[in-house]
Amino acid sequence: MRHRAWVAMGFLLVVAALVVAADDPRVGFREEFEKLDGWSFNPKAPCEWKGDGQTATLRDLPGGEVTWGASASKSLGKVNLDKYPYLVIYIAEVSHRFNAKLVKGDDKQVVILGVRERGPVAAHVPEITGWSGEANLSVILYTDGDGSRVTFDKLLFVSELIFVEKPARRLHERENLLPALGMRYGIQPAERLRRDRGFASERTVYRDPLTGVPVWKLTNHSDLDRHDYYDIPAWSGDGSMILWMTAREGGRYRRWLMDANGSNLRPVPTRDGFAIARIYWSNVHPRKLVVSGATTEKRFEIRLLDAVTGEHSVIADLTKLGVERGHEPPSRDDRMFLFRAGAEHKFRLLDTRTMQVREVATSGPIHRLRFTRAPDYSVFFNRAARLGFPHDSWVVNADGTGLKKIFDHSGHPDWAPDGHAMTCYAEGAIYAVNRDGSNPRVVVKHNAGGHGGWSQDGRWIVSDAPGSGLFPHQIFIAEANGSGRVHPVCVHNASYSGWQSGVPDPESTHPAPVSSPDVTKIIYDSDMANKFSDIYVAVCALPERPRELQAASQANAVKLTWKRPAKSRELKGYHVYRSRTSGAKFEQLTQAPISTETYMDASPPRPCYYVVTAVEHSGLESTSSAEACSDAGWPGHVRHYFEVEDGELSGGAGFRLVGGASNLYLCELPADKPQAKATLTVTAPKPGEYTVWVRVREAKGELALDAGASLKASVDSKGWSWAKLTPTVKLPAGKTPFTLRASGGATLDCLLLSTDPDFKVFTLPRTFDEAPDNPKGLRVVETGESSCELAWEPCQSPRFDQYNVYCCQRDQCMRETLVGSPVEPRFADWGLPANTWGFYRVTAVDRHGNESSPTTHVRGETKGYEVVRKLVQAESLPLASPLATGKDKGALGGAFIHVPRDGGREEKGAVALDFELPEGGQPSVLLRGRGTGEKLGSFAASLDGGKEYVVNLDSRAGWHWKPIGSLAPHTDLRPKLSPGKHRLVVKPRTDGAQLDAIFITNDLTRELYLPAP
Ligand SMILES: [Ca+2]
Ligand SMILES: [Ca+2]
Ligand SMILES: [Ca+2]
């Protein structure tokens, strides 16, 4: 199992020091597990229930119908929840996951979920359940995981919590939504993941638990991965590539690219040794980057860099211009650049057409500096809250005139794409204010907020929230038009940590969402899988579909023409589909997306029906265009679909983002808004008697359609269903307005119009509901100490999008978990313990979400090796002058070593550590320490007299661990050491640098949660 020994030891100390007195007045109910009577068990889930007079252990046994865990339940009698609202369970041991439910009458609710660590865990029962007063309660304690085990020490209801009793996660709160990936950590076998152009896809696709929209976890690496920031585009202008940052090359961030579907992870290509300092996507060239940096001759230049070929061209030589090296994001035409001027109250503006630099005075120290995005190059800055200056928002013209304060606040500011207004966070709300400072207004008040900015179409404000407010731990979009409506997109579950938290990069724990060029996707960061963040993308809309499809009959062929969608910056091309039956059974005619708005179908069967879709570079595909028929007069039946929310929604009707809706959106007709209606225009290709169906959810009462005639259906449905309206309606060819109302409230997805009254409508209006064939030839290619590589035959379906790889610890795969969604027919599972085995199977998924049946299982088994894990206290090593020992409660062993801060000595001493690696290999070396005062705590380390690596410990973060350069755990660049003895030398480089401990390991599956006191 995992190596959590230190964590466990730390916890025992806390618990030993803590005795809950029997007469504690805060305790209203107590179960100490001294006796084990009164408990009952699920007969379908065999388990063992054993006690030792102080604790009770519940263990899942093999057999039975329920193979995923075990449960024990007991009636607790009456508990006064007003007086004792907290349930606290002291867990002495937990092997997998522990959960608890409370039962009151018929109401059964999860109150504690997914606890993986021993210790007391608390839940505020009234807040979670809505129950109050004196209640007759039963408790169900259950474990997750085949063969899982949990040992209980105490179960209490208390009036208030003491300091060790931490509230449990709420549902959706900080839950790792891909638990199997959270269990896989350690060293990625980079050599196994190399592909032709870059590294293999790390993408895993899942559904958000809140809205059901697809979410792509794009990186799966134990070191830090993040995108840049909420106001800096992550996608290239055409949506084909993502620019991101990763520390996987050891120690510090480097800029990498990936394709928009999550494949081909690779460093940004550079040439001639040009060292990139700043990097942004060009606003003009869809696949180019604007970078600044240094040449090998120490010239500082701004360059235009082709992200595909790596070719550079120089935009400006900064060496002689007297500007600072780093530039801010360029103007919208890439012509103007902003530079800070150190601590001075001014900035510099470079016009690359004239190569003139203008100095512009500001009103105080600058915190953020940006163009407003208006065409006049006006500049925004906010003042840094220091030296008595407030944190407020200003604009100034490019020529230095018109300096003006526009708003008294400036939390996370961002500008509309046309520069007409700014938004920022203030007083629990997102505010918008015009560029001249007029009309300050609340976009949405949600009481906790975050980083947010405008979508590139100006329609939305995309934002995030920490664990509080109206949208805890969520990414949401607010309508920028002032309607006040907000649409949750997904749960990010990032920790939102501060600078004192000691997490490796606090900024990477703030999701900082930013949308893609066509606003179909939102990228964000989250550390939910482990402390070292990863990049996620939530799908928030499908691409727009092609317009005005026409079919023209020509001799033996049919020529199709259509119009490019209005919003199509990310468009890769189109797919053309044909069927003999209107509305069903379409086959894809195009293998790869085509880039023209025309298609010639030679010798099709007649009559036949066509639809066209738009596909973006990420692989997302639109819903189908309106149908066209090969023959005039539309022989055969008509079956046409329309999205209800595309209509005009009025009287309190709104739309909502829901993963299960045909195009991710539906129309909401609230029960308490009798005037709510949706009016949409439908087009009938020929006159006739039409039947209308509507796809509904959460619908009650009467659904009424005014289509000139009046149609009705009685609805009563919580889940999705199709309501058939009666009677039929006689429609002319062409357009007819339809108005829909619901007497008891309903949500409406889409509508089907057909001349075929007997049509069996049961699926989504997607044209394709057939799953691809399952992948063939799944086999284990190679296994290592911590990895298992699989391969299979490529999927042949032209609709193929990705594979899903599932893993489980037993062949029934009752609780198998998703571990990856690669696009390649190969996958390396890694971060596995040595000497362990599991079963894998793989499915194929198409662009419409249809998933094939799985392959049969293959068994993968990792190899064993001798694990070395050496934790050495710095204070235990022989110290050379001027090194001295210091004491601190936060240091391991209560002590550390340092160079005392008594003024700039040349010689700072060194410590040497001898260790042995019996099998040799590639060890990781980490230092625990901190800086003091303003300075970094800086050390140099070398192994066996080799190259010196610098490791800088941030003063703000307190005591923390950091890997040494290329001895970082998560890189394949670590030196290979021969079996036997080795020597590590660590030298302080700054006065006041404090070294607490050194950790050396060859443990490939080591979690980076290192020991803390
Ligand atoms: Ca990561
Ligand atoms: Ca819909
Ligand atoms: Ca120590």
**Item:** Within 6.0 angstrom of Arg254 CZ, more than 12 heavy atoms from elsewhere
**Value:** no
For the residue pair [X] and [Y], confirm or rule out a side-chain donor-acceptor distance under 3.5 Å.
X: Asp392; Y: Ser410; value: no
X: Asp888; Y: Trp959; value: yes
X: Ser508; Y: Asp525; value: no
X: Tyr280; Y: Asp228; value: no

**Request:** List the steps, then state whether ring-ring contact (aromatic ring centres under 6.0 Å, His included) holds for His227 with Tyr536.
**Result:** CA-CA 9 Å; His227 75 286; Tyr536 293 73; over 10 Å; no
Distance, nearest 0.5 Å, that separates [atom1] of [X] from [atom2] of [Y]:
X: Ser463; Y: Ile430; atom1: OG; atom2: CD1; answer: 4.0 Å
X: Leu926; Y: His960; atom1: CG; atom2: NE2; answer: 11.0 Å
X: Thr270; Y: Arg255; atom1: OG1; atom2: CZ; answer: 13.5 Å
X: Leu257; Y: Leu243; atom1: CG; atom2: CG; answer: 6.0 Å
X: Ile366; Y: Trp394; atom1: CD1; atom2: CH2; answer: 12.0 Å
X: Asn382; Y: Arg370; atom1: CG; atom2: CZ; answer: 9.5 Å

**Asked** Hey, would you say the Phe407 and His391 ring centroids sit under 6.0 Å apart?
**Response** no
**Asked** Within 45° of the axis and under 6.0 Å from the centre of the six-membered ring of Tyr524, does NZ or CZ of Arg226 qualify?
**Response** no
**Item:** Arg248 to Trp256 six-membered ring, cation-pi geometry met (6.0 Å, 45°)
**Value:** yes
Which atom of [X] lies closest to which atom of [Y], heavy atoms considered:
X: Thr1001; Y: Phe999; value: CG2-CE2, 3.7 Å
X: Asp231; Y: Pro413; value: OD2-O, 4.4 Å
X: Ile964; Y: Ala941; value: CD1-CB, 3.4 Å
X: Gly909; Y: Leu883; value: C-CD1, 4.0 Å
X: Ser938; Y: Asn952; value: OG-OD1, 2.7 Å
X: Ala997; Y: Leu871; value: CB-CD1, 4.1 Å

**Message:** Quick test of your reading of the model: are Glu328 and Arg368 salt-bridged, counting only N-O distances below 4.0 Å?
**Reply:** no
**Message:** What I want to find out is whether Lys987 reaches Glu948 closely enough, with some N-O distance under 4.0 Å, to be called a salt bridge.
**Reply:** yes
Give a yes or no on whether the backbone of [Y] and the side-chain of [X] come within a donor-acceptor separation of less than 3.5 Å.
X: Arg989; Y: Ala940; result: no
X: Asp464; Y: His451; result: yes
X: Thr319; Y: Arg299; result: no
X: Asp944; Y: His982; result: no
X: Asp414; Y: Thr423; result: no
X: His221; Y: Thr219; result: no
X: Ser533; Y: Leu224; result: no
X: Lys908; Y: Ala910; result: no
X: Thr296; Y: Gly273; result: no
X: Ser526; Y: His492; result: yes

Would you call the rings of [X] and [Y] parallel, tilted or perpendicular if under 30° counts as parallel and over 60° as perpendicular?
X: His898; Y: Phe896; value: perpendicular
X: His446; Y: Tyr425; value: tilted
X: His412; Y: Tyr230; value: perpendicular

**Request:** List for me each residue that meets side-chain contact (heavy atoms from CB on, under 4.5 Å) alongside Ala384, sequence neighbours excluded, and say none if there are none.
**Result:** Pro365, His367, Arg386
**Asked** Side chains of Val911 and Val985: does their closest heavy-atom pair fall under 4.5 Å?
**Response** no
